[in-house]
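First up is the structure itself, then whatever we jot down about it.
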Amino acid sequence: MVLLAAGRSTRFGTLKQVAPIGPSGASILTYTVVDALAAGFGEIVLVIGDEVEEAIRTHLSAHLGERLPIRFVDQSEPLGTGHAVLMAARTTDQAAGVANGDDFYGRDAMTALCQAVRELAAGEKSTSARACLIGYRMAHALSPHGGVSRGHVEVADGGVVTAITELHDVRRSDDPSAGLAGHDGQGGDVSVPSSAWASMNLWGLGRGCGPLLERKFDAWQSRPVQGRGEFAISTVLNELRREGSLEIGLAGSGEEWFGLTFSPDADEARRRLEAKHADGTYPVSLKEMADPFRG
């Protein structure tokens, strides 16, 4: 399981990877680690930057203990989520899950992703590389405190993904009947239905995806620096899909999500994690949940 945790938390105001959100002070990243292990992923690969590695190591050790199957990969330059995934892909040739380190996806979604990754691995004799994602309804993946970037996923019958469009500043419209408002990559106004599928970077990637990412990254680097933008995973995978190099399927839907984009988002996240401890979803100490996975 690859967790993208190299962000600098510019809009949030403090390092999200170690922000105390759970009742005992654990970060959302810490919950995602234990959820991924409980779902069946055998190893956690944390893609981080040099400047945050020590803080993350210390935080995870304090809240989960030692000897867990966690490996760190350095993203030396912040070139985008696609670049972060590529850094991890260079260290393994296996099918893998991918998730953001500052999003809470829910145990059911993580379990569905693990099963989907196993199915990708079992079907790797296909002539085409394959990927999948767990989607969320766009209206359930917003912040009440400002606009957010989301991948708008279009899906045909049978769960085949037919397009992924990166949208920015997505928020609820002033007109409730008009759906959601946002901007496309050129800054133009767009609207999408509240029920539209959103990508929250909860991906499953078959082993054939690594070489494709390498090819796309080489082409991206050859472009003029000015105007080339980030090497973003949703955009790159959609380009590969469009050119026929990659099949993408919707492998399931997440029922709950919350994350940390803006500082006020933390209050809602704390409330929801407190409720999950109160109903027994998580034990008082996350170390207890991590104990079965120690080496």
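All residue numbers refer to positions in the sequence shown, counting from 1. In this text the structure is predicted, and so the values were computed from the model without any measurement.
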Checking Trp197 now: which residues fulfil ring-ring contact (aromatic ring centres under 6.0 Å, His included) with it, not counting sequence neighbours?
none
Any idea which heavy atoms bring Tyr136 and Ala109 closest together, and the distance?
OH-CB, 3.3 Å
Smallest separation among heavy atoms of Val18 and Ala55, with atom names
CG1-O, 3.6 Å
Which residues satisfy the side chain to side chain contact (heavy atoms under 4.5 Å, CB included) test with Asn238, sequence neighbours excluded?
Ile164, Arg241, Arg242
Do you know which two heavy atoms are closest between Val153 and Ala198, and how far apart they sit?
CG2-C, 4.1 Å
Taking all heavy atoms of Leu68 and all of Ala290, pick out the closest pair and write down the distance.
CD2-O, 3.5 Å
Residue pairs meeting ring pair (Phe, Tyr, Trp, His ring centres under 6.0 Å), one or both in residues 232-254, sequence neighbours left out, come to none
Check salt bridge (Lys or Arg N to Asp or Glu O under 4.0 Å) between Lys216 and all other residues, then give those that pass, not counting sequence neighbours.
Glu239, Glu243
Test item: Trp257 and Phe104 side chains (from C-beta on) under 4.5 Å apart, heavy atoms:
no
I'd like to check Phe41 versus Arg118 (side-chain heavy atoms, cut-off strictly below 4.5 Å). Are they in contact?
no
Using a 4.5 Å cut-off on heavy atoms from C-beta on, say whether the side chain of Cys209 contacts that of Leu246.
yes
How many angstroms lie between CZ in Arg130 and CG in Leu120, if you round to the nearest 0.5 Å?
5.0 Å
Do Lys16 and Ile28 touch side chain to side chain, with heavy atoms closer than 4.5 Å?
no
Can you name the residues that form a salt bridge (Lys or Arg N to Asp or Glu O under 4.0 Å) with Asp291, not counting sequence neighbours?
Arg294
Separation between CG of Leu167 and OG of Ser199, rounded to the nearest 0.5 Å
11.0 Å
Cationic N near anionic O, under 4.0 Å, Arg270 to Asp267
yes
Using 4.0 Å as the upper bound for N to carboxylate O, is an ion pair formed by Glu53 and Arg57?
yes
Is there a donor in the side chain of His59 and an acceptor in the side chain of Gln17, or the other way round, less than 3.5 Å apart?
no
Side chain to side chain contact (heavy atoms under 4.5 Å, CB included) involving Glu255 - partner list, sequence neighbours excluded:
Ser253
Hey, could you give me the CD1/CD distance between Ile21 and Glu268, rounded to the nearest 0.5 Å?
11.5 Å
With sequence neighbours left out, what residues match Ser24 under side chain to side chain contact (heavy atoms under 4.5 Å, CB included)?
Ala26, His63
Residue pair Tyr105 / Asn100, side-chain heavy-atom distance below 4.5 Å
yes
Which residue pairs pass the salt bridge (charged side-chain N to carboxylate O under 4.0 Å, His left out) test when at least one of the two sits in residues 67-88, sequence neighbours left out?
Glu43-Arg71
Pairs flagged by salt bridge (charged side-chain N to carboxylate O under 4.0 Å, His left out) wherever residues 151-170 is involved - sequence neighbours left out:
Asp169-Arg171
In chain order, what residues pass the side chain to side chain contact (heavy atoms under 4.5 Å, CB included) check against Ser143, with sequence neighbours excluded?
His145, Val148, Phe262, Asp265
Give the intermediate values and the outcome of side-chain hydrogen bond (donor to acceptor under 3.5 Å, both in side chains) for residues Thr30 and Ser27.
CA-CA 5 Å; Thr30 310; Ser27 65; 2.9 Å; yes
To the nearest 0.5 angstrom, please state how far the CD1 atom of Ile48 sits from the CZ atom of Phe72.
6.5 Å
Taking salt bridge (Lys or Arg N to Asp or Glu O under 4.0 Å) as the definition, give me every residue that meets it alongside Glu256, ordered by chain and number, with sequence neighbours left out.
Lys276
Rounded distance (nearest 0.5 Å) linking atom CZ of Arg215 with atom CG of Asp218:
10.0 Å
Phe217 side chain reached by Leu79 side chain, heavy atoms, under 4.5 Å:
yes
For a 4.5 angstrom cut-off between non-hydrogen side-chain atoms, does Leu46 reach Leu29?
yes
Closest approach of Met1 to Ala36 (non-hydrogen atoms, all atoms of both residues)
CG-CB, 3.9 Å
Give the minimum heavy-atom separation between Leu113 and Gly204, together with the two atoms involved.
CD1-N, 3.7 Å
Once you round to the nearest 0.5 Å, how far does CZ of Phe231 lie from CH2 of Trp220?
7.5 Å
Partner set under salt bridge (Lys or Arg N to Asp or Glu O under 4.0 Å) for Asp103, not counting sequence neighbours:
none
Are the side chains of Ile233 and Leu213 in touch, meaning some heavy atoms are under 4.5 Å apart?
yes
Counting neighbours of NE2 on His277 that are heavy atoms of other residues, nucleotides or ligands and sit closer than 6.0 Å, is the number greater than 12?
yes
